[in-house]
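So the structure is just underneath, and the comments pick up after that.
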There are 2 protein chains.
Amino acid sequence: MPKRIRDKQAPDASDRLRAAGLRPTRQRLELAGLLFGMGDRHLTAEGLHAEARAAGCKVSLATVYNTLHQFTGAGLLRQVMVDASRSHFDTNTGSHQHFYCEDEGRLIDIPGEAVAVSGVPKPPQGMAVDRVDVVIRLRRA
Amino acid sequence: MPKRIRDKQAPDASDRLRAAGLRPTRQRLELAGLLFGMGDRHLTAEGLHAEARAAGCKVSLATVYNTLHQFTGAGLLRQVMVDASRSHFDTNTGSHQHFYCEDEGRLIDIPGEAVAVSGVPKPPQGMAVDRVDVVIRLRRA
DNA sequence: CAATAGTTTAGAACAGTTCTAAACAAATAA
DNA sequence: TTATTTGTTTAGAACTGTTCTAAACTATTG
Ligand SMILES: [Mn+2]
Ligand SMILES: [Mn+2]
Ligand SMILES: [Zn+2]
Ligand SMILES: [Zn+2]
């Protein structure tokens, strides 16, 4: 089994963090493992903190908040505004939209470019569109 | 000038409140005046409270919150979720969408049915679409 | 290794919002 | 009208998600 040299591998978690200008600390690596190790996820800060503690990872709530904001700033996460009382973070940073179950507080991805928004007027002078967010609020049928 | 009997007039503010099951108190009438007396508006609780006080209306912040929620429950207002730290209330309860200037915290109506959303998949079993919210986030150009 | 710069943490602080319970006002009954 | 009931207002306390502080700690660099 020949070992290939200079093989371009998927950068590991440490390298991803370093590329974002963040030191690969134990806490960040463990949180990144929970966030990115199991497909697309939607989490709150307290949810991630509880999950980390349950996984035996010693990390404070302040670090969870710090990390979520740092990852968001680095483009590894996106923040979704659906609920007045809790921030939701999305590991899927691609362009997509959401169903939101009000009663469960649960976000569900609507994949890819499924949703199209048309008829948006020109923004006011001096303003440019940053992002178009679509939230489809659901209730029990 | 003959006085017409049983003339169907636009219900005044008192009647609108009574129709919603709310007693027409001084505070509610004054807040309704500020909310509905000058075209469509987007307000926060603290913004409305400040405006009321500036207009010489003695009303507590608790009553402003109570009133905003009661009016929302009665369908006279709609709550718009754009900012994690402040609730915004909209006097325009018709179907419409919004521009949101992140840096100013300002909401701008996109009138009527201008915006169309297509390609929304069927909601999960047992769920029905309650509302489709489109927020176009703006930044300085 | 030492020096530096960045990170973590517990707990305090903060801000928007909700709750409490006593004073008050509108609606209704007598 | 007055008496009674029911709903409303209020100041301030409590609550809750989030941010801040500053001291202890750790990764990185020299
Ligand atoms: Mn959620
Ligand atoms: Mn808050
Ligand atoms: Zn998503
Ligand atoms: Zn509006």
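Order of the sequence lines fixes the chain letters, A, B, ..., with proteins taken first and strands second; residue numbering starts at 1 for each chain. Just so you know, these numbers come straight off a predicted model, no measurement behind them.
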Please table the atom pairs, donor to acceptor, closer than 3.5 Å between any side-chain atom in residues 20-27 of chain B and protein atoms at least two apart or in another chain.
residue	atom	partner	partner atom	Å
B/T25	OG1	B/R28	N	3.3
B/R26	NH1	B/E30	OE1	3.2
B/R26	NH1	B/K58	O	3.2

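- For B/E46, there are no side chain to side chain donor-acceptor pair (under 3.5 Å) partners, not counting sequence neighbours.
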Could you list all N or O pairs between the protein and nucleotides 28-30 of chain C that sit under 3.5 Å apart?
none

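- In this view, A/D109 and A/H42, A/N92, A/H96, A/H98 satisfy the side chain to side chain donor-acceptor pair (under 3.5 Å) rule, not counting sequence neighbours.
- For the pair B/L31 CG and D/dT8 C1', the interatomic distance rounds to 13 Å; values are reported in whole Å.
- Heavy-atom minimum distance, B/L138 versus A/P123: CD2-CB, 3.8 Å.
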(request) Starting at the 5' end of nucleotides 18-30 of chain D, put B wherever the base has a protein heavy atom under 4.0 Å, S where only the sugar-phosphate does, and a dash everywhere else. (result) BBB-----BBS--
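- In this structure, A/H49 atom NE2 and C/dT8 atom P are separated by 13 Å, rounded to whole Å.
- Under 4.0 angstrom from either OP1 or OP2 of C/dT9 there lies at least one side-chain N or O belonging to A/Q27.
- Under the rule for a salt bridge (Lys or Arg N to Asp or Glu O under 4.0 Å), the partners of A/R41 that lie at least two apart in sequence or sit in another chain are A/E51.
- Between B/L29 atom CG and C/dA25 atom P the separation is 15 Å, expressed in whole Å.
- Ion pairing of A/D133 with B/R137 is present here, as a side-chain N (NZ or NE/NH1/NH2) and a carboxylate O approach within less than 4.0 Å.
- Atom-to-atom, CD of B/Q70 to P of D/dT9 comes out at 7 Å; the value is rounded to the nearest Å.
- For the pair A/T93 and A/D90, the tightest heavy-atom approach, listed with the atom from each and the gap, is CG2-O, 4.4 Å.
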